[in-house]
Visitor: 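Input: one structure, supplied below.
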Amino acid sequence: MSHPKTKIRIFILGGGFGGIYTALHLEKTLARRDDVSITLVNRENFFLFTPMLHEVASSDLDLTNIVSPIRKLLKRVQFFEGDVSAVDLDKKTLTLVHGSDHHSHEQPYDYLVMALGSSTNFFNLPGVEQRSMTMKTLGDAVHLRNRAIAAMEEADTECAIGERKPLLTFVVAGGGFAGVETVGGINDFIRDSLKFYPNLNQNDVRTVLVSSGDVILPELGEELGRYAHKKLTAHGIEIINNSKLTEATAEGVKLSTGQFISTRHIVWTAGTAAHPLLCKLPCPLERGKIKVNEFFEVAGYPGVWALGDSAVVPDLRTGKPHPPTAQHAIREGKIVAHNLKAAINGSQKKAFHFRTIGQLAAIGRRAGVAKIFGFKFSGFVAWFLWRTIYLSKLPRLEKKLRVALDWTLDLFFSKDLVQYSTSRDELMTDAEETSNGSESHTHSPTTV
């Protein structure tokens with residue numbers, strides 16, 4: 001991957017909301033110029049619409065419908081599938097790693113946008129990282145779905161009678177949006193699927209949400225948090241407030257209250273950390289994130305911007321940092337693209353001013369909670385708003401139509417119980433089959 005020296009080289013690191021929307025806005029301006037080369041670097045070749053991730057885990061949506069290929073989203077901005085292993089802000093170079101052999105390239109840049117997102121923080125709790133599932137990637141959602149189906153398949157057998165309780169107990173740690181939506185979705189999925197498993201009943205299933213606060217969904221306020229608590233409990237979910245996971249073992253999890261829950265399935269949504277690459281940078285950091293000004297500029301390094309989960313962005317109105325949410329990252333991308341263009345053209349920069357419009361959560365059984373422009377909604381209305389608003393934000397008309405179709409079909413048909421697997425059967429050679437006395441065309445069934 002090389003660029004002519006005469007071109008202005010712009011790199012965007014990260015393909016989440018911040019990086020993608022910066023690139024989408026640059027598509028309309030700088031990317032049209034012949035003297036500018038813009039490259040977006042991301043580990044996957046798609047943009048993941050994370051607000052709908054729990055719907056893949058709960059089999060409400062097909063896994064490909066919430067992802068958009070980056071090469072289809074961006075026509076003029078170039079794309080590089082790989083990892084960033086090092087950034088030298090003084091020399092203005094990047095080390096990019098890619099390919100099956102993980103070879104590296106050193107790339108010079110003129111302007112740099114860092115939108116690397118966040119990683120999961122397990123707080124060094126014993127056994128938690130090793131035994132937990134997370135909900136950050138498409139693979140995480142598919143893995144959780146597979147685990148739920150595999151648990152039902154195993155629990156339905158005669159030999160698993162004594163293990164049914166731990167097999168069908170799912171513990172979700174974290175009372176925020178990710179935790180609540182995950183526990184609501186997976187609880188609905190399992191309980192709705194039991195009719196296909198003749199040896200299982202509702203009493204065999206236990207779904208537990210562990211929250212460190214007095215109420216779940218504290219961002220929405222106590223009233224909506226208590227409403228969500230009541231609804232989830234009515235759906236058969238057990239909620240343990242003012243508690244944290246302290247240890248995970250092969251047998252289950254220990255809580256700070258002293259309680260032990262026997263389970264084989266732990267979903268961790270209780271902590272995030274800054275991208276590990278950021279702590280190696282010489283620029284000012286706060287809690288591992290890059291401190292920027294209201295223009296998203298990094299102090300001491302002209303031509304470098306940071307946004308989204310990678311940055312601490314000051315809110316000039318309150319004096320506190322802006323929250324690291326998708327709705328903020330989308331709008332931050334627009335301002336970064338404008339200021340990048342201003343830096344090249346010598347025009348006026350824009351400061352970032354934005355107030356949270358609202359926050360929504362789906363809590364299962366076609367119910368939700370929402371706070372929009374200060375107005376509170378709950379129940380079916382909030383759930384309908386959740387679907388309507390997020391559908392409108394989903395990139396590309398094709399994906400909108402596919403998701404709308406999935407949701408429509410979900411009204412009439414039961415959820416799929418198909419386990420996705422990328423593993424391949426190991427087929428014997430003709431010689432091996434002949435020596436085993438088997439026919440050459442016989443092999444084990446394919447895994448879906």
Visitor: If you measure only the distance, is there a donor-acceptor pair under 3.5 Å linking the side chains of Lys136 and Ser118?
Guide: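 Distance-only check passes for Lys136 and Ser118.
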
Visitor: Atom NZ of residue position Lys254 - does it have more than 12 heavy atoms of other residues, nucleotides or ligands inside 6.0 Å?
Guide: no

Visitor: Can a donor-acceptor pair be found, under 3.5 Å and without considering hydrogens, that links the side chain of Tyr111 to the backbone of Lys341?
Guide: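 Absent.
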
Visitor: Looking only at atom types and distance, does a side-chain atom of Asn146 sit under 3.5 Å from a main-chain N or O of Gln419, one as donor and one as acceptor?
Guide: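 No, because the side chain of Asn146 does not come within donor-acceptor range (under 3.5 Å) of the backbone of Gln419.
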
Visitor: Which heavy atom of Cys283 sits nearest to which heavy atom of Val298, and what is that distance?
Guide: CB-CG1, 3.5 Å

Visitor: Drop me the distance from Phe295's CZ to Ile335's CD1, to the nearest 0.5 angstrom.
Guide: 10.0 Å

Visitor: Check whether any side-chain heavy atom of Ser193 lies under 4.5 Å from a side-chain heavy atom of Met152, and answer yes or no.
Guide: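 Yes, side chains in contact.
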
Visitor: Kindly indicate whether the side chain of Leu316, heavy atoms from C-beta on, has any atom under 4.5 Å from the side chain of Phe352.
Guide: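 In short, these two side chains do not touch, never coming nearer than 4.5 Å.
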
Visitor: Can you measure from NE2 (His105) to OG (Ser85) and round to the nearest 0.5 angstrom?
Guide: 11.0 Å

Visitor: Between Gly185 and Ser58, what is the shortest heavy-atom contact and its length?
Guide: O-CB, 3.2 Å

Visitor: Verify salt bridge (Lys or Arg N to Asp or Glu O under 4.0 Å) between Glu55 and Arg387, making sure each step is shown before the conclusion.
Guide: CA-CA 11 Å; Glu55 296 224 333; Arg387 286 202 161 181; 3.5 Å; yes

Visitor: What's the separation between atom CG in Asn339 and atom CD in Gln348, rounded to the nearest 0.5 Å?
Guide: 10.0 Å

Visitor: I would like to know whether Thr93 and Asp88 meet side chain to side chain donor-acceptor pair (under 3.5 Å); could you show each step before the answer?
Guide: CA-CA 5 Å; Thr93 60; Asp88 192 322; 4.6 Å; no

Visitor: Quick one: closest heavy-atom pair of Pro395 and Tyr21, and the distance?
Guide: CG-OH, 4.3 Å

Visitor: Between Val77 and Ala31, what is the shortest heavy-atom contact and its length?
Guide: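 For Val77 versus Ala31, the nearest heavy atoms are CG2-CB, 4.2 Å.
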
Visitor: For Asn345, look at atom CG and say whether over 12 heavy atoms of other residues, nucleotides or ligands are found less than 6.0 Å away.
Guide: yes

Visitor: How about Ser378 and Leu224: do any of their side-chain heavy atoms sit closer than 4.5 Å?
Guide: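 SC-SC contact between Ser378 and Leu224 confirmed.
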
Visitor: Can you tell me how far apart CE (Met133) and NE2 (His265) are? Round to the nearest 0.5 Å.
Guide: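 The CE atom of Met133 sits 6.5 Å away from the NE2 atom of His265.
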
Visitor: Out of the candidates Leu277, Leu116, Thr95, Leu278, only one should pair with Val87 under the side-chain contact (heavy atoms from CB on, under 4.5 Å) rule; please name it.
Guide: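 Filter result, single survivor: Leu277.
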
Visitor: Evaluate the side-chain proximity of Val208 to Ile237: yes if any heavy-atom separation is below 4.5 Å, no if none is.
Guide: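 No, side chains not in contact.
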
Visitor: Kindly determine whether Phe296 and Val313 satisfy side chain to side chain contact (heavy atoms under 4.5 Å, CB included), including the steps that lead there.
Guide: CA-CA 7 Å; Phe296 300 98; Val313 184; 3.5 Å; yes

Visitor: When you look at Arg145 and Val418, which way does the side chain to side chain contact (heavy atoms under 4.5 Å, CB included) test go after all the steps?
Guide: CA-CA 9 Å; Arg145 170 180 163 151; Val418 178; 4.2 Å; yes

Visitor: Which atoms form the tightest heavy-atom contact between Ile266 and Ala248, and what is the distance?
Guide: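 Shortest heavy-atom contact: CD1-CB, 3.7 Å.
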
Visitor: As a quick check of understanding, evaluate side chain to side chain contact (heavy atoms under 4.5 Å, CB included) for Leu53 and Ile66, giving each step before the final call.
Guide: CA-CA 8 Å; Leu53 199 57; Ile66 66 167; 4.0 Å; yes

Visitor: Give a yes or no on whether a salt bridge exists between Asp110 and Lys92, defined as a side-chain N under 4.0 angstrom from a carboxylate O.
Guide: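 Salt bridge: no.
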
Visitor: Report yes if some heavy atom in the side chain of Pro324 is under 4.5 Å from a heavy atom in the side chain of Lys289; otherwise report no.
Guide: yes

Visitor: Determine, for Glu223 against Lys371, whether the closest basic-nitrogen to carboxylate-oxygen distance falls under 4.0 angstrom.
Guide: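 No, no charged N to carboxylate O under 4.0 Å.
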
Visitor: Okay, side chain of Gln327, backbone of Ile357: is any donor-acceptor separation there less than 3.5 Å?
Guide: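 Yes; at least one donor-acceptor contact below 3.5 Å.
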
Visitor: Run the side chain to side chain donor-acceptor pair (under 3.5 Å) check on His235 and Arg365 step by step: do they pass?
Guide: CA-CA 8 Å; His235 300 165; Arg365 302 292 181 195; 5.2 Å; no

Visitor: Just verifying a value: how many Å separate Phe80 CZ and Gln107 CD, rounded to the nearest 0.5 Å?
Guide: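 Output value for this atom pair is 7.5 Å.
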
Visitor: Rounded at 0.5 Å granularity, tell me how far CD in Glu238 sits from CG in Leu232.
Guide: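 Here the interatomic distance stands at 12.5 Å.
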
Visitor: Please confirm whether the ring centroid of His322 lies under 6.0 Å from the ring centroid of Phe354.
Guide: no

Visitor: For the pair Arg33 (side chain) and Thr29 (backbone), establish whether a donor and an acceptor sit closer than 3.5 Å, ignoring hydrogens and angles.
Guide: no

Visitor: Please examine the side chains of His98 and Leu96, heavy atoms only from C-beta on, and report whether any two atoms are closer than 4.5 Å.
Guide: no

Visitor: Just by distance, do the side chain of Ser212 and the backbone of Lys244 share a donor-acceptor pair under 3.5 Å?
Guide: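 Judged by distance alone, no pair lies under 3.5 Å.
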
Visitor: Taking the side chain as C-beta and beyond, is there a heavy-atom pair between Lys415 and Asp410 under 4.5 Å?
Guide: yes

Visitor: Looking at Lys75, is its backbone amide N or carbonyl O close enough to the side chain of Glu27 to form a donor-acceptor pair, meaning the two atoms are under 3.5 Å apart?
Guide: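 Yes.
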
Visitor: If you take all heavy atoms of Leu144 and Ala57, which pair is closest and at what distance?
Guide: CD2-CB, 4.0 Å

Visitor: Donor-acceptor check, side chain of Arg9 to backbone of Thr39, threshold 3.5 angstrom: yes or no?
Guide: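 Here the side-chain-to-backbone pair does not exist.
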
Visitor: Please report the C-alpha distance between Ile38 and Leu74 in whole Å, then the side-chain angles of each, then the deciding distance to 0.1 Å, and finally whether the side chain to side chain contact (heavy atoms under 4.5 Å, CB included) criterion is met.
Guide: CA-CA 11 Å; Ile38 307 173; Leu74 304 175; over 6 Å; no

Visitor: What class does the angle between the rings of Phe49 and Phe47 fall in, given that below 30° is parallel, 30 to 60° is tilted and above 60° is perpendicular?
Guide: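 Judged by the thresholds at 30° and 60°, the geometry between Phe49 and Phe47 is perpendicular.
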
Visitor: Should the heavy atoms of other residues, nucleotides or ligands under 6.0 Å from CZ of Phe123 be counted, would the total exceed 12?
Guide: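 More than 12 heavy atoms, drawn from other residues, nucleotides or ligands, come within 6.0 Å of this atom.
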
Visitor: Between Thr263 (side chain only) and Thr169 (backbone N and O only), is there a donor and an acceptor less than 3.5 Å apart?
Guide: yes

Visitor: May I ask you to decide if Ile389's main-chain N or O and Ser392's side chain share a donor-acceptor pair within less than 3.5 Å?
Guide: yes

Visitor: Are Phe384 and Val381 close enough that some pair of their side-chain heavy atoms sits under 4.5 Å apart?
Guide: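 A side-chain contact under 4.5 Å is absent here.
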
Visitor: For Arg147, I'd like to know if atom CZ has over 12 heavy atoms of other residues, nucleotides or ligands within 6.0 Å.
Guide: yes

Visitor: I'd like to know if the side chain of Lys400 reaches the main chain of Leu394, judged simply by a donor and an acceptor atom lying under 3.5 Å from each other, with no hydrogens or angles considered.
Guide: yes

